[in-house]
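Quick note on labels: first sequence line is chain A, next is B, and so on, each numbered from 1.
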Amino acid sequence: MRSKDPTSSMANSSGPLHRGMPSNPADPLAAPQPKAGGIAARAMAARQTTMPAYMEGLNAEQRLAVETINGPVLVLAGAGTGKTRVLTTRIAHILATGHATPGQILAVTFTNKAAREMKERIGAYIGENVEGMAWLGTFHAICVKILRRHAELVGLKSSFSILDTDDQVRLIKQIIQAEGLDEKRWTAKTFAGLLDSWKNRGLTPEQISAGEAQAFANGLGRKLYQTYQERLSILNACDFGDLLLHCITIFKEHDDVLKSFQSRFRYMLVDEYQDTNIAQYMWLRLLAQGNSNVACVGDDDQSIYGWRGAEVDNILRFEQDFPGATVVRLERNYRSTSHILSAASHLIAHNQGRLGKTLFTDQMGSEDEDKVQVASAWDSQEEARSIGDEIEALQNHGHSLNEMAILVRASFQMREFEDRFVTLGLNYRVIGGPRFYERMEIRDALAYFRCVMQPSDDLAFERIVNTPKRGLGEATLKIVHAYARERAIPLMIAAGELVQTNELRPKARAALADVLGMFENWRNQVETMSHTELAEIILDESGYTQMWRQDRSAEAPGRLDNLKELIRSMEEFESMAGFLEHISLVMDKDSDVEEDAVSIMTLHSAKGLEFDTVFLPGWEEGVFPNQRALDETGQAGLEEERRLAYVGLTRGRKRVKVWFTSNRRIHGSWQSCIPSRFLDELPADSVEVVEASSSYGGYGLNSAGGGYGASRFDNSDPFQSKYSTPGWQRARKAQASGQQYGRMHGGNQTRRAKKAGPMTIEGELVAKSVTEVGSDFAIGERIFHMKFGYGSISDIEGNKLTVDFEKAGQKKVLDSFVERA
DNA sequence: ACTGCATCTCTTTTT
DNA sequence: GAGATGCAGT
């Protein structure tokens with residue numbers, strides 16, 4: 001029942017277009033909101049007379065998502081359904097209709113890349129005005145902006161610096177050492193992970209639970225967290241987590257500041273909402289309390305970052321969190337063939353706790369469309385060889401390498417492909433991996449720059465005092481440290497005072513004085529010299545470039561090139577300070593040259609991309625789904641792995657080929673592999689099992705039978721298909737023995753999965769049908785199924801529908817695969 | 001302060 | 001089986 005309280009912030013917040021609350025039928029004034037994607041909504045969208053140019057080509061749902069600008073909106077955008085298009089058009093629409101100026105729109109993304117793309121695309125609609133969109137950026141970038149204005153409210157100076165993970169770990173290490181803890185038992189890395197998870201959940205030292213505080217170093221967790229924060233405060237620095245956390249603190253403690261941002265941001269948009277963590281959610285909630293014009297776009301089925309704090313729950317709970325929310329589902333896929341979509345949809349249907357979407361396409365399965373192929377290989381070498389051959393064959397048929405990608409679960413799988421492609425002379429590029437600004441030489445150079453610009457940057461100073469070697473070893477540094485800590489002054493200042501005394505050995509004293517003199521010198525030139533010139537001088541005079549020039553190792557020349565590249569990339573910035581600010585938030589650099597090459601990357605980094613041809617190697621139990629994910633997070637882990645598989649499949653436009661091998665070397669020793677359970681979850685009629693290209697036939701993929709309508713979800717003959725992989729056989733056996741797989745899913749069965757071998761998830765569907773509230777379809781209802789067409793429901797069993805199809809006859813189908821006609 | 005040997009670990013990644 | 005890290009020895 002809806003609240004009738006007129007003071008409810010939600011009710012008041014809506015603009016002129018419609019009320020944000022669900023209506024009471026008894027109240028004639030409150031018209032019901034059109035159900036997203038419902039007939040009324042479509043009709044409304046269709047009736048549009050004159051359409052602004054930017055709206056052209058949008059389908060009804062997309063248009064609804066664009067035009068519903070007031071009140072909370074959740075856009076559930078399946079893979080390839082035009083998500084970015086909706087987001088950018090929505091902004092264009094808000095601006096074009098005069099609801100806000102560019103500076104009044106808050107648009108948040110996760111990555112810099114996404115922010116950049118969004119900016120570009122909005123620029124295409126509104127031209128120069130994009131520059132006015134000061135609040136388009138990543139969560140972190142926007143938080144920095146807010147924090148620079150109000151730093152003093154959390155005990156920082158506006159000039160605070162931002163630590164990256166490396167600095168963070170080194171700082172923690174010092175704290176753990178100072179505490180006299182066993183560094184082996186309680187590693188800095190572990191604590192960094194803990195800190196991260198606390199900050200992801202928006203927890204300050206006081207707020208962490210006793211249990212969690214207890215878990216690290218015999219209950220020192222809380223204290224270490226506190227000390228760490230104190231140290232940051234002295235360093236006038238914060239880590240990535242703090243950017244959000246400090247903002248939240250400010251918002252909570254200073255109502256006037258919060259209010260001012262609330263009224264500034266008239267419209268808010270969040271991209272990839274399924275990836276938000278609790279802190280980001282809290283941040284957003286605080287801002288959205290003013291007016292609830294918040295639009296979140298995401299896809300619960302593509303939530304693959306749970307392990308780094310993303311809360312799928314945020315998107316699943318959206319309607320409760322933002323009452324009266326309009327939910328729009330984008331399910332019309334413009335990317336992939338119907339076979340690919342069918343494969344992806346069937347697979348993901350094995351997950352529970354979804355908001356439920358089914359992708360469909362208009363380009364209905366024409367004959368020349370390839371089915372999703374499944375192939376096997378003896379080992380990973382053969383896998384790489386076969387895929388290499390296929391890529392060459394495609395290339396010979398005029399396909400561009402840029403349109404092909406190999407998506408792996410873990411980066412160790414990449415090597416085999418690289419090796420193979422090198423011998424073939426096939427152009428490839430690895431996406432992901434160590435990034436430019438994370439390379440040692442770049443970080444060293446940056447540390448020099450940071451010390452020049454910010455003498456209090458202790459971490460930078462420590463990094464380079466003795467790089468190149470100057471005879472300033474541990475002993476000297478210890479003295480400087482002690483001196484600095486005693487007086488609570490930065491290391492550089494301490495060093496400056498110490499060289500005036502006799503406390504240091506003459507050699508060290510001279511070396512230290514020398515270093516400090518150089519910095520003094522450079523600092524004097526900041527104002528008078530271009531920052532690129534100064535940068536060169538710094539690297540030169542410090543002896544840093546010299547150090548690499550003398551280095552005879554294989555990497556040295558590359559490192560020198562990188563340093564040159566660093567200087568070159570600085571040219572785009574106005575000043576050294578501006579450059580440093582940029583890279584503290586943007587750790588990656590656009591790669592410039594784009595020659596024709598196959599892409600090799602992890603499934604995670606493939607999110608958001610698309611290719612004509614996608615190869616998915618390594619679908620074996622233990623690899624994918626990853627054993628560790630299964631062991632550590634059980635059912636939730638399995639489901640995240642499945643979403644990852646879903647992401648992989650939906651990257652392909654025309655061709656997707658999945659591979660598994662019989663043997664693989666893991667941690668040095670050979671293991672024989674069992675095909676991934678995910679293979680069993682693909683629909684037989686959209687999948688083609690292809691003959692192994694060479695000798696081994698261990699898994700005997702004989703191709704007989706199968707065909708139209710032989711989905712395992714049919715009642716006819718669920719396992720009588722051309723598959724005879726062990727997974728399928730197990731599932732079949734279980735079925736024959738009448739085993740209730742569904743039961744197994746209730747308890748603590750995930751643990752036993754390891755020993756008993758992979759279980760099929762087949763039973764989950766059964767489990768679902770008994771436990772779930774049941775389908776919201778009714779007997780007699782007319783529905784549409786993307787494979788079988790129109791029909792009417794003759795029986796309902798949980799989420800399984802018996803449907804009399806007009807063309808295909810009676811079939812049993814899952815309710816998630818049909819929509820109301 | 002540097003080098004060599006032993007030991008440990010071994011998903012995914014952005015900011 | 002490799003790569004990183006840490007410790008002991010010079």
Side-chain angles (χ1 to χ4, degrees), chain A residues 108-115 137-144 147 162-169 173 182-185 187-190 193 196 199-200 238-245 247 271-272 275-277 279-280 303-310 407-415 431-435 437-438 440 466-477 505 507-508 511 581-588 601-608 618 622-633 637 640-641 643-645 647-648 664-671:
Chain A
V108 214
T109 64
F110 266 83
T111 63
N112 292 296
K113 190 169 160 237
T138 62
F139 273 103
H140 297 267
I142 288 167
C143 285
V144 169
L147 264 187
I162 302 161
L163 301 192
D164 58 35
T165 0
D166 204 82
D167 294 329
Q168 194 187 18
V169 171
K173 205 174 233 167
D182 178 2
E183 283 177 79
K184 286 268 177 51
R185 179 81 186 75
T187 67
K189 263 208 177 126
T190 315
D196 226 41
K199 291 188 173 181
N200 282 158
C238 54
D239 61 27
F240 285 120
D242 283 340
L243 295 176
L244 271 147
L245 216 45
C247 274
D271 191 15
E272 306 278 17
D275 289 339
T276 49
N277 60 36
Q280 286 155 341
S303 162
I304 54 175
Y305 287 111
W307 51 273
R308 66 172 197 215
L407 311 181
V408 298
R409 172 67 243 265
S411 42
F412 73 82
Q413 294 170 259
M414 293 181 179
R415 231 186 102 171
I431 296 179
R435 278 167 305 159
Y437 292 118
E438 274 168 7
M440 192 214 306
N466 201 30
T467 318
K469 304 265 179 281
R470 302 186 173 97
L472 291 167
E474 221 179 313
T476 320
L477 226 49
R505 296 183 152 211
K507 251 194 182 165
E581 169 84 7
H582 172 80
I583 55 144
S584 65
L585 288 170
V586 182
M587 290 298 280
D588 65 359
M601 67 187 104
T602 63
L603 287 160
H604 281 94
S605 36
K607 194 168 83 160
V623 176
F624 190 40
N626 181 278
Q627 191 58 52
R628 218 167 135 175
L630 259 36
D631 290 345
E632 283 171 13
T633 42
E640 185 154 309
E641 294 289 299
R643 290 193 290 268
L644 208 42
V647 167
R664 192 177 287 275
R665 203 157 57 180
I666 295 169
H667 306 330
S669 56
W670 285 95
Q671 293 188 347

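- At a threshold of 4.5 Å between non-hydrogen side-chain atoms, the residues Thr111(A) and Lys607(A) do not count as touching.
- Under the 3.5 Å distance criterion, the side-chain polar atoms of Gln280(A) are left unmatched by any main-chain donor or acceptor of Phe139(A).
- One N or O on the side chain of Asp164(A) and one on the backbone of Asp167(A) form a donor-acceptor pair closer than 3.5 Å.
- Atom NZ of Lys189(A) and atom C1' of dC10(B) are 12 Å apart (whole Å).
- One P atom belongs to dA4(C), the other to dT11(B), and the distance between them is 15 Å to the nearest Å.
- Across dT5(C) and dT12(B), the matching P atoms stand 16 Å from one another, rounded to whole Å.
- The backbone N or O of Thr109(A) sits nowhere less than 3.5 Å from a side-chain atom of Glu272(A) that would complete a donor-acceptor pair.
- Taking 4.0 Å as the cutoff to heavy atoms of chain A, we find the contact window on DNA chain C bounded by dG1(C) to dC7(C).
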Output one line per pair: protein atom, nucleotide atom from nucleotides 11-14 of chain B, and distance, for all N/O pairs under 3.5 Å.
{"unit_1": "dT11(B)", "atom_1": "OP1", "unit_2": "Arg628(A)", "atom_2": "NH1", "d": "2.2"}
{"unit_1": "dT12(B)", "atom_1": "OP1", "unit_2": "Ser411(A)", "atom_2": "N", "d": "2.8"}
{"unit_1": "dT12(B)", "atom_1": "OP1", "unit_2": "Ser411(A)", "atom_2": "OG", "d": "2.2"}
{"unit_1": "dT12(B)", "atom_1": "O4'", "unit_2": "Arg409(A)", "atom_2": "NH2", "d": "3.3"}
{"unit_1": "dT12(B)", "atom_1": "O2", "unit_2": "Trp307(A)", "atom_2": "NE1", "d": "3.3"}
{"unit_1": "dT12(B)", "atom_1": "O2", "unit_2": "Arg409(A)", "atom_2": "NH2", "d": "2.6"}
{"unit_1": "dT13(B)", "atom_1": "OP1", "unit_2": "Thr602(A)", "atom_2": "OG1", "d": "2.6"}
{"unit_1": "dT14(B)", "atom_1": "O4'", "unit_2": "Arg308(A)", "atom_2": "NH1", "d": "3.4"}

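- At a threshold of 4.5 Å between non-hydrogen side-chain atoms, the residues Val647(A) and Leu603(A) do not count as touching.
- Between the P atom of dA1(B) and the CG atom of Asn466(A) lies a distance of 7 Å, rounded to the nearest Å.
- Taking all atoms of both residues into account, the shortest heavy-atom contact from Ser605(A) to Ile431(A) is OG-O, 4.2 Å.
- Heavy atoms of Lys507(A) sit nowhere under 4.0 angstrom from any nucleic acid atom.
- In this structure, the CG atom of Asp631(A) is 14 Å from the C1' atom of dC10(B), given to the nearest Å.
- In this structure, OG1 in Thr476(A) is found 8.0 Å from CG in Asn466(A), a value given to the nearest 0.5 Å.
- What you find for Gly309(A) and Asn200(A) is that their closest heavy atoms are CA-OD1, 4.0 Å.
- The residue from Leu245(A), Leu244(A), Leu243(A) that alone fulfils the side-chain contact (heavy atoms from CB on, under 4.5 Å) condition with Lys199(A) is Leu245(A).
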Please tabulate, one pair per line, each protein N/O and nucleotide N/O from nucleotides 3-7 of chain B that are separated by under 3.5 Å, including the distance.
none

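- Judged by distance alone, with hydrogens and angles left aside, the side-chain atoms of Arg470(A) form no donor-acceptor pair with the main-chain N or O of Ala511(A) at under 3.5 Å.
- Taking the six-membered ring for Trp and thresholds of 30 and 60 degrees, Phe240(A) and His140(A) have ring planes more than 60 degrees apart, a perpendicular arrangement.
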